[in-house]
Amino acid sequence: MLNDKIAVVTGGTRGIGLAIVRKFLDNGAKVVLFGSREESVNKAIDILRNENPSYEVSGYYPNLCNDEEVREIFKTIVDKYGRIDILVNNAGVSATTSIEEYTLDDFDKTMDINTKATFVCSKEVVKYMKEEHNGVILNTSSMVSIYGQPRGVAYPASKYAVNGITKSLARELGKYNIRVNAIAPGVTNTDMVANLPKEYIEPLLRTIPLGRVGEPEEVANAFLFLASDLASYITGTILQVDGAAMN
Ligand code: NAD
């Protein structure tokens, strides 16, 4: 479904991002994954190459909020492959802090990686996509961008902003044949959820009509569809992949 497409996936070292990278590779894409540290990037690449030595995968660990660093790496990728067809803005952190306990620094950290990084990477990739008159930008939102959540207000705020970026860039970039969509996962079986307090996660699980959490691969399937030409007339949408959970 993605034969010879060039894809960049931020937060591609584990969880949903790693599942997206694997799904894209399995469907013929060449993938550059981004992570926060050299070790985690190398570990993810080792895992993938052990699974399939023919995967064409490489990685970097830029500060995603530093436009110069991101610009430099995108240029390196385009020098090597000639273009970037797909950008997935997936890196993210969650929070369950109560409003009284929030520091401005905590608030900024969540907004930086979830929202500002989405803005920076999108901004830096657009010129290459415009040159090709072709491109797909996919953002990882969250079901809390629809329902809010009882604690950790910066997290839903950051994902509401991701939805705003998604819908607005779809309008701004449609004329260049650049599609922009978001996937809003529900509770998905990754480290992010494993690290949430039990008293927070258990009431959430009871709201899921499908009766279970989602697997990263099930979320990655939605990314594959929206990245592919099967979704050629879909832009500006927020696709919920959440088993109809309500927060
Ligand atoms: P995870 O913690 O397993 O993975 C997070 C990824 O983001 C990692 O690859 C990590 O390297 C990267 N990352 C985190 N901070 C970074 C930073 N400062 N700089 C660069 N990279 C950084 O989490 P996950 O569950 O796979 O989450 C992936 C995305 O899915 C996030 O945007 C998250 O908000 C979203 N999401 C997850 C769930 C869920 O239930 N797991 C639900 C809804 C949305």
Side-chain angles (χ1 to χ4, degrees), residues 8-23 31-45 47-48 57 59-66 69-70 73 87-96 105-106 108-121 138-149 152 154-163 165-166 182-197 200-202 204-205 207-208 210 212-220 222-223 238-243 245-247:
V8 173
V9 180
T10 75
T13 57
R14 58 174 196 259
I16 291 171
L18 181 61
I20 296 167
V21 171
R22 183 182 286 114
K23 186 66 65 180
V31 182
V32 183
L33 64 84
F34 288 179
S36 48
R37 288 175 299 113
E38 184 176 14
E39 308 85 74
S40 56
V41 166
N42 289 341
K43 187 174 158 205
I45 291 173
I47 290 170
L48 292 162
V57 59
Y60 295 94
Y61 43 98
N63 174 351
L64 297 175
C65 291
N66 181 323
E69 263 185 55
V70 171
I73 291 173
L87 167 68
V88 178
N89 290 305
N90 169 76
V93 289
S94 67
T96 55
D105 193 42
D106 291 339
D108 285 345
K109 277 185 184 145
T110 305
M111 295 301 287
D112 274 357
I113 189 63
N114 294 1
T115 307
K116 193 176 185 181
T118 298
F119 167 77
V120 168
C121 293
L138 298 176
N139 300 323
T140 308
S141 182
S142 166
M143 72 177 191
V144 304
S145 76
I146 320 268
Y147 303 112
Q149 69 178 26
Y155 183 63
S158 71
K159 296 296 190 179
Y160 271 82
V162 165
N163 292 0
I165 290 173
T166 303
I183 283 86
V187 187
T188 312
N189 188 12
T190 69
D191 291 353
M192 184 177 277
V193 164
N195 293 334
L196 292 175
Y200 178 84
I201 206 75
E202 279 180 350
L204 244 179
L205 296 181
T207 74
I208 306 173
L210 285 183
R212 62 176 179 84
V213 300
E215 292 302 321
E217 189 188 354
E218 296 178 295
V219 178
F223 279 87
I238 315 296
L239 177 60
Q240 289 175 247
V241 183
D242 61 7
M246 291 237 297
N247 195 2

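Sequence positions, counted from 1, serve as the residue numbers for this chain. Predicted model, so just to flag it, every value in this text is computed and none were measured. As the structure lists them, so they are numbered: ligands from 1, and atoms in each ligand from 1.
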For ligand 1, the residues whose heavy atoms come within less than 4.0 Å (ordered by chain, then number):
Gly11, Gly12, Thr13, Arg14, Gly15, Ile16, Ser36, Leu64, Asn90, Ala91, Gly92, Val93, Ile113, Thr140, Ser141, Ser142, Tyr155, Lys159, Pro185, Gly186, Val187, Thr188, Thr190, Asp191, Met192, Val193

Holding to side chain to side chain donor-acceptor pair (under 3.5 Å), I want the full list of residues that pass it with Thr140, two or more places apart in sequence or in another chain.
Asn90

Once side chain to side chain donor-acceptor pair (under 3.5 Å) is applied, do any residues pair with Thr10, and if so which ones, sequence neighbours excluded?
none

Drop me the distance from Phe223's CZ to Lys23's NZ, to the nearest 0.5 angstrom.
12.5 Å

Residue pairs passing the salt bridge (Lys or Arg N to Asp or Glu O under 4.0 Å) test with at least one member in residues 109-121, sequence neighbours excluded, are Asp105-Lys109

Measure the shortest side-chain to side-chain distance between Ser94 and Leu196 over non-hydrogen atoms and say whether it is less than 4.5 angstrom.
yes

Give a yes or no on whether the backbone of Met246 and the side-chain of Thr207 come within a donor-acceptor separation of less than 3.5 Å.
yes

